[in-house]
Amino acid sequence: MATILITGGAGYIGSHTCKLLASVGHLPVAFDNLSNGHADAVRWGPLQTGDICDRRQLRAAFEAWRPESVIHFAGLIEVGRSTADPATFYRANVAGSLALLEEMAAVGLRRIVFSSSAAVYGIPVSSPIPEEAPPAPVSPYGETKRAVEAMLDAFARACGINYAALRYFNAAGADPEGELGERHDPETHLIPRALRTALGLEPELVIFGTDYPTPDATAVRDYVHVSDLAAAHVAALDRLASGGGPLTTNIGTGSGRSVQQVLESCRRISGCRIPARTAPRRAGDPPELVAATGRAARDLGWRPHLSDLDSIIATAWAWHSARGA
Ligand code: UFG
């Protein structure tokens with residue numbers, strides 16, 4: 001059994017990963033400032049309340065738990081807000097990650113799995129997107145993810161930190177056993193917004209952009225089930241533990257689904273009408289983001305198992321409808 005420190009362990013992807021880590025025999029210690037995470041989502045290991053920007057709190061957590069690896073989810077995620085308030089994003093995502101890496105180096109902790117994002121690619125020139133595509137983020141959010149990737153590389157060369165940077169495409173769905181799900185405030189993501197509309201909590205779903213160069217003119221994304229994402233982290237830890245070198249890889253399915261297809265699946269699975277209206281494109285949204293999947297299969301032995309669109313939406317619907325939120 002290994003002790004793993006999970007920054008952001010009370011958040012959406014972090015909490016699902018803690019559950020999976022515990023099920024394979026590890027002790028996940030959630031390190032979270034609870035600004036966006038939920039204490040009641042930490043059920044498979046201890047919660048150490050703390051902020052990655054506070055080096056004393058980090059050091060105290062390392063001393064108390066002596067983890068052998070870190071999975072680093074903590075950070076801010078709303079792309080639109082990052083444009084309006086870049087300082088807050090750079091502080092939380094870049095300065096916070098720097099503090100974490102410095103403390104890891106100070107205590108000789110050498111393994112980290114990092115939550116990167118497809119946002120590092122910006123507006124891709126081809127699809128599916130290979131990892132070799134040049135990073136060209138179009139939002140401060142994407143820039144912070146790219147900056148941390150560069151920092152990891154520099155720390156790997158300078159002090160032997162070994163890392164896996166996982167570039168998630170669109171995380172979606174909920175724990176198939178109904179114990180965890182997506183709870184953002186504000187909620188900006190397509191699937192929870194559509195399902196909240198189905199529950200009557202929002203008056204209508206707004207479809208951003210109906211003039212994209214895609215088959216049905218709405219934007220295409222690569223939705224990957226959160227439990228599959230959790231499994232990618234466990235595979236990345238295994239790779240680091242067995243001496244695999246630094247890795248940056250996409251985590252996606254290789255299949256794109258349009259906003260219209262997602263809406264139709266939400267209608268079918270919920271049995272609700274889900275009123276919708278169209279609106280102009282959201283600033284910075286690329287027409288299509290779909291992962292090339294070869295590297296994750298080859299270097300992590302990872303493949304999605306739950307990420308077909310109906311499984312994603314059925315698990316999300318079970319979660320939202322059970323909570324009424
Ligand atoms: N969309 C709508 N209506 C909504 C919400 C979203 O039409 O109410 C559309 C968006 O315009 C986009 C698609 O649905 O075309 C998916 O949007 P999400 O907000 O669910 O997800 P994003 O693709 O914008 O964001 C995801 C991650 C981010 C990450 C980004 C990288 O959630 O963390 O991919 O581009 F930065």
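One-based numbering, in listed order, for ligands and for the atoms of each.
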Q. With a cut-off of 4.0 Å, which atoms of ligand 1 are near a heavy atom of Ala219?
A. 15 (O)
Q: Run the numbers for me: atoms of ligand 1, each under 4.0 Å from some heavy atom of Val79, listed by number.
A: 36 (F)
Q) Do the ring planes of Tyr168 and Phe73 sit parallel (below 30°), tilted (30 to 60°) or perpendicular (above 60°)? A) tilted
Q.
Checking Asp308 against Tyr223: is there a side-chain donor and acceptor pair closer than 3.5 Å?
A. no
Q) What atoms of ligand 1 come closer than 4.0 angstrom to any heavy atom of Ala119? A) 31 (C), 36 (F)
Q) Would you say the side-chain atoms of Gln48 and Trp65 include a donor-acceptor pair closer than 3.5 Å? A) yes
Q) Closest non-hydrogen protein atom to atom 1 (N) of ligand 1, residue and atom name please, with distance? A) Phe208 CD1, 3.7 Å
Q: Go through ligand 1 atom by atom and flag the ones less than 4.0 Å from a non-hydrogen atom of Val206.
A: 2 (C), 3 (N), 4 (C), 7 (O), 8 (O)
Q) Would you call Tyr223 a ligand 1 contact, heavy-atom distance under 4.0 Å? A) yes
Q) Near Ile207, which atoms of ligand 1 are under 4.0 Å from a heavy atom of that residue? A) 7 (O)
Q. Of all heavy-atom pairs between Ala172 and Tyr12, which one has the smallest distance, and what is that distance?
A. C-OH, 3.0 Å
Q. Counting N and O atoms only, with roles assigned by atom type, does the side chain of Ser270 sit under 3.5 Å from a partner on the main chain of Cys272, one being a donor and the other an acceptor?
A. yes
Q | Closest approach of any protein heavy atom to atom 9 (C) of ligand 1, naming residue and atom | A | Val259 CG2, 3.8 Å
Q. Near Thr188, which atoms of ligand 1 are under 4.0 Å from a heavy atom of that residue?
A. 5 (C), 19 (O)
Q. N/O to N/O below 3.5 Å, does that happen between Arg282 and ligand 1?
A. yes
Q: Taking only heavy atoms of Arg193 into account, list the atoms of ligand 1 that are under 4.0 Å away from them.
A: 8 (O)
(Q) Ignoring hydrogens and geometry beyond distance, is a side-chain donor-acceptor pair present between Tyr163 and Asp153 at under 3.5 Å? (A) yes
Q: Using distance alone, decide if ligand 1 has a nitrogen or oxygen within less than 3.5 Å of any nitrogen or oxygen in Leu190.
A: yes
Q. Tell me, which protein residue and heavy-atom name are nearest atom 11 (O) of ligand 1, and how many Å apart are they?
A. Asp285 OD2, 2.6 Å
Q: If you have a sec, work out which protein heavy atom is nearest atom 25 (O) of ligand 1 and how many Å separate them, to one decimal?
A: Asn170 ND2, 3.9 Å
**Q.** Closest non-hydrogen atom pair, Glu143 against Tyr90
**A.** OE1-OH, 2.7 Å
Q | Glu204, Glu202, His189: member with heavy atom nearest to atom 32 (O) of ligand 1 | A | His189
Q) In ligand 1, which numbered atoms sit nearer than 4.0 Å to a non-hydrogen atom of Leu289? A) 35 (O)
Q: Tell me whether the guanidinium CZ or amine NZ of Arg281 lies under 6.0 angstrom from the six-membered ring centre of Tyr212 and within 45° of its axis.
A: yes
Q. What protein heavy atom sits nearest atom 36 (F) of ligand 1, and how far away is it?
A. Tyr141 CE2, 2.7 Å
(Q) When you measure from the side chain of His320 to the backbone of Ala325, do you find a donor-acceptor pair of N or O atoms at a distance under 3.5 Å? (A) yes
Q: Taking atom CZ of Arg56 as the centre, report whether more than 12 heavy atoms of other residues, nucleotides or ligands fall under 6.0 Å from it.
A: no
Q: Consider only side-chain N and O atoms of Ser97 and His72, and report whether a donor and an acceptor are under 3.5 Å apart.
A: yes
Q: Give yes or no for whether the N/O distance cutoff of 3.5 Å, strictly under, is met between Phe169 and ligand 1.
A: no
Q: State whether the shortest distance between N or O atoms of Ala118 and N or O atoms of ligand 1 falls below 3.5 angstrom.
A: no
Q. When you measure from the side chain of Lys19 to the backbone N and O of Ala41, does any donor-acceptor pair fall under 3.5 Å?
A. no
Q. Of the backbone atoms (N, CA, C, O) and the side-chain heavy atoms from C-beta on, which set of Ser117 has a member under 4.0 Å from an atom of ligand 1: side chain, backbone, both, or neither?
A. side chain
